**Q** 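Shown below is the structure under consideration.
Atoms considered below: every heavy atom in the structure, side chains included; atoms not considered: hydrogens, waters and symmetry mates. Computed from a predicted model, the values in this text were never measured in an experiment.
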Amino acid sequence: MDSTNKSRINTNSFNCDNLTLQDFAAYKGEDLFDVTDAFWEFYQDSVRKKYMVYGNPICSAPVSEFNIFDRYLNSERGFLNFCSYNYLGYSCHPSVIQTVQETLVRYGTGAVSAPLLSGYYDLTKQLEEEMATFKKKEDTILFPTGYAVNLGVLSCLLQPGDVAILDILSHTSIYDGAKLAKADIKVFSHNNSEHLERILKRLNHRRVIVCLEGVYSMDGDLANLPELVSVCKKYGAKILLDEAHATLIFGENGRGVAEYYHVEDEIDLTIGTFSKAFGAIGGFVTGDKKLMTYIRMFARSYVFSCAMAPATAAGILKVLELYQADRSHLLKLWENAIYMQKILKEAGFNIGKTGSQVIPVIVGNDKRLRKISQLIHEKGLYTGVVTYPAVSNKRTRLRLSISTNHTIAQMDQCLSILKEVFQEVNNN
């Protein structure tokens, strides 16, 4: 942080309204931990003003209404849940829970080792095989989280001098993987195939990978895969597609946006997570067997992390079984997503170009978001409150996650709270 920005952080007369998280990101004091004193004052002032809605412990299952310990009331109370990624409700499905419970008895609570040592179980292998079959690819590798997949895959494949071309709205894990590899990072305008082509044309056949997302996690819109894939193939660029928010949601068989657009065979690496529609935890990469074999030995976030718990793998396998037998949960999710998009638009909210179950409600500047988040918290609505570094300070938002379990009454109540709060903030 330069001296001008640093001088804004004055702990003698501290007011968090004059600062954002971005003011602390590059703070450089004389001591390595100097920033913590300034940030502590920011945090405490945010709590005093009831802006700090993050980190309240959840006290029940992530269904459409759940209980939270409210730090401001020092007690547990109910909230409408429009924040969890439990899109299809599998996190709380009785058959999934029963399967996990039975598996715990046999295998215990964790893998308790790295996957290349004693952390690779028969259930892990079965899930990798099932996911490869489901995704119509040769092989799959399981990672401890979705973040770890992008971090490990990109950092092991790219080297200094290679180029990673990212949609500007790419997830942090994609940026971090490319940075860890010390690759050259180029950014193109969101979903803009013409801008992507201009970048590829200038690179003159260097080693390149283009990183895309099926559904963009903060905007809910879909990658323009037909045009983007065509440009990549024209210039011989490899393609990594992160289908975190799209797997089980898009495509005739639920394989994601690549299936939806009929370009699956053109994708070199498909990334996904089990923490969204699967209702669990973990991530995966799937693709050519030779490529997967290399990644399995060189992706550091795979090699040096403890493996997925067998009980988690068993639960995900049960989800795959349930999903392939009955799609009624998916149909209900889409009914709910379309309904929520419709009523928000009719009420005049800016929801961008979302085409999915991820619905942003654009707020604008960070200070306005704080007041809105405080008020919706008081009224019992829990959503994603998204600011820097997830988005820019001028594009802050509430992010609504729609699930199959939401009722019309709950969605109407959500809208009613949003209308009331936005009107109150606009009038002040």
**Q** Counting neighbours of OH on Y388 that are heavy atoms of other residues, nucleotides or ligands and sit closer than 6.0 Å, is the number greater than 12?
**A** yes
**Q** When rounded to the nearest 0.5 angstrom, what distance separates OH in Y216 from CG in D242?
**A** 9.0 Å
**Q** Count the heavy atoms of every other residue, nucleotide or ligand shown that sit under 6.0 Å from CZ of R300, and state whether that count exceeds 12.
**A** no
**Q** With ring-ring contact (aromatic ring centres under 6.0 Å, His included) as the rule and sequence neighbours excluded, what pairs involving residues 405-428 come up?
**A** F82-H406, F349-F422
**Q** Give the C-alpha distance, both sets of side-chain angles, the deciding distance and a yes or no for side-chain contact (heavy atoms from CB on, under 4.5 Å) between I316 and M308.
**A** CA-CA 11 Å; I316 296 167; M308 175 185 286; 3.9 Å; yes
**Q** Can you tell me if D265 has over 12 outside heavy atoms packed within less than 6.0 Å of its CG?
**A** no
**Q** Apply side-chain contact (heavy atoms from CB on, under 4.5 Å) to residues I249 and L88 and explain how you reach the verdict.
**A** CA-CA 9 Å; I249 308 297; L88 296 175; 4.2 Å; yes
**Q** Set out, in order, the CA-CA distance, both residues' side-chain angles and the distance that settles side-chain contact (heavy atoms from CB on, under 4.5 Å) for R296 and D139, then state yes or no.
**A** CA-CA 11 Å; R296 198 181 293 275; D139 198 8; 3.6 Å; yes
**Q** Return yes if some donor-acceptor pair links the side-chain N/O of T354 with the main-chain N/O of I351 below 3.5 Å, else return no.
**A** no
**Q** Would you say that more than 12 heavy atoms from the other residues, nucleotides or ligands in this model lie under 6.0 Å from the CD1 of I168, or not?
**A** no
**Q** Are side-chain N/O atoms of S403 and N405 paired as donor and acceptor at under 3.5 Å?
**A** no
**Q** Can you give me the closest heavy-atom contact between I402 and L333, atom names plus distance?
**A** O-CD1, 3.2 Å
**Q** Would you call K125-E129 a salt bridge at under 4.0 Å N-O?
**A** yes
**Q** When you compare the side chain of K135 with that of T140, does any pair of heavy atoms fall below 4.5 Å?
**A** no
**Q** Compare all side-chain heavy atoms of R370 with those of T396 and state whether any distance is below 4.5 angstrom.
**A** no
**Q** Would you give the length of the straight line joining atom CG of D268 to atom CG of L240, rounded to the nearest 0.5 angstrom?
**A** 9.0 Å
**Q** Does D412 offer a backbone N or O that forms a donor-acceptor pair with the side chain of S416 under 3.5 Å?
**A** no
**Q** Would you check if the side chain of N150 reaches a backbone N or O of G177 as a donor-acceptor pair within less than 3.5 Å?
**A** no
**Q** Indicate whether any N or O donor in one side chain lies under 3.5 Å from an N or O acceptor in the other, for H195 and S189.
**A** yes
**Q** Has N191 got a side-chain atom pairing as donor or acceptor with N224's backbone, closer than 3.5 angstrom?
**A** yes
**Q** Can you name the nearest heavy-atom pair linking C306 to P144, along with the distance?
**A** O-CB, 4.0 Å
**Q** Would you say that more than 12 heavy atoms from the other residues, nucleotides or ligands in this model lie under 6.0 Å from the NZ of K49, or not?
**A** yes
**Q** Do you know the tightest heavy-atom contact between A277 and T247?
**A** CB-O, 3.5 Å
**Q** At their closest point, which heavy atom of L180 faces which heavy atom of S155, and how far apart are they?
**A** CD2-CB, 3.7 Å
**Q** Determine, for R255 against E264, whether the closest basic-nitrogen to carboxylate-oxygen distance falls under 4.0 angstrom.
**A** yes
**Q** Counting only heavy atoms not in Y54 (residues, nucleotides, ligands), do more than 12 fall under 6.0 Å from its OH?
**A** yes
**Q** Using a strict threshold of under 4.0 Å (side-chain N to carboxylate O), is an ion pair present between K318 and E321?
**A** yes
**Q** What is the distance from atom NZ of K276 to atom OG of S217, rounded to the nearest 0.5 Å?
**A** 8.0 Å
**Q** May I have all residue pairs that pass salt bridge (charged side-chain N to carboxylate O under 4.0 Å, His left out) and include part of residues 50-70, sequence neighbours excluded?
**A** D70-R77
**Q** Strictly by modelled atom types, are N56 and Y72 linked by a side-chain donor-acceptor pair under 3.5 Å?
**A** no
**Q** With a 4.5 Å cut-off on side-chain heavy atoms, are L116 and Y302 touching?
**A** yes
**Q** Tell me if the centroids of the rings in W334 and Y87 come within less than 6.0 Å of each other.
**A** no
**Q** Within a reach of under 6.0 Å around NZ of K419, are more than 12 heavy atoms found that belong to other residues, nucleotides or ligands?
**A** no
**Q** Compute whether any side-chain donor of one residue and acceptor of the other, for Y294 and D288, lie under 3.5 angstrom apart.
**A** no
**Q** Using the ring of each side chain (for Trp, its six-membered ring), is F24 parallel, tilted or perpendicular to F39, with breaks at 30° and 60°?
**A** perpendicular
**Q** Are side-chain heavy atoms of M297 and V303 found at a separation under 4.5 Å?
**A** no
**Q** Supply the atom-to-atom distance L322 CG to L317 CG, rounded to the nearest 0.5 angstrom.
**A** 11.0 Å
**Q** Measure the shortest side-chain to side-chain distance between L222 and Y261 over non-hydrogen atoms and say whether it is less than 4.5 angstrom.
**A** yes
**Q** Can you name the nearest heavy-atom pair linking V285 to L269, along with the distance?
**A** CG2-CD2, 3.7 Å
**Q** Nearest heavy-atom pair of K233 and I239: which atoms, and what distance?
**A** CE-CD1, 4.1 Å
**Q** Find out whether V149 and T273 are in side-chain contact, i.e. whether some heavy atom of one side chain is under 4.5 Å from a heavy atom of the other.
**A** no
**Q** Within the distance-only criterion (no hydrogens, no angle test), does the side chain of S60 pair as donor or acceptor with the backbone N or O of N67 below 3.5 angstrom?
**A** yes
**Q** When you check the side-chain N and O atoms of H190 and D221, is any donor under 3.5 Å from an acceptor?
**A** yes
**Q** Run F278 and L320 through side-chain contact (heavy atoms from CB on, under 4.5 Å) and show every step you take.
**A** CA-CA 8 Å; F278 285 93; L320 273 173; 4.1 Å; yes
**Q** Is any side-chain heavy atom of N336 closer than 4.5 Å to a side-chain heavy atom of M411?
**A** yes
**Q** So, taking the atom named CZ in R327 and the one named CG in L248, what distance separates them when rounded to the nearest 0.5 Å?
**A** 8.5 Å
**Q** Suppose we screen for side-chain hydrogen bond (donor to acceptor under 3.5 Å, both in side chains). Which residues come up paired with E346, at least two apart in sequence or across chains?
**A** K342
**Q** I'd like to know if the side chain of S356 and the backbone of G220 have a donor-acceptor N/O pair within less than 3.5 Å.
**A** yes
**Q** For a ring-ring contact (aromatic ring centres under 6.0 Å, His included) with F284, tell me which candidate from F274, F143, F134 qualifies.
**A** F274
**Q** Are the side chain of D366 and the backbone of T20 linked by a donor-acceptor contact shorter than 3.5 Å?
**A** no
**Q** Among N18, L21, V47, which residue satisfies the side chain to side chain contact (heavy atoms under 4.5 Å, CB included) criterion with F42?
**A** L21
**Q** Drop me the distance from L398's CG to I376's CD1, to the nearest 0.5 angstrom.
**A** 4.5 Å
**Q** Apply side-chain hydrogen bond (donor to acceptor under 3.5 Å, both in side chains) to H329 and Y90, showing your working.
**A** CA-CA 9 Å; H329 284 23; Y90 287 129; 5.5 Å; no
**Q** Just by modelled atom types, is the N253 backbone N or O under 3.5 Å from a matching donor or acceptor in the E259 side chain?
**A** yes
**Q** State, yes or no, whether a side-chain contact exists between L154 and C211 at a heavy-atom distance under 4.5 Å.
**A** yes
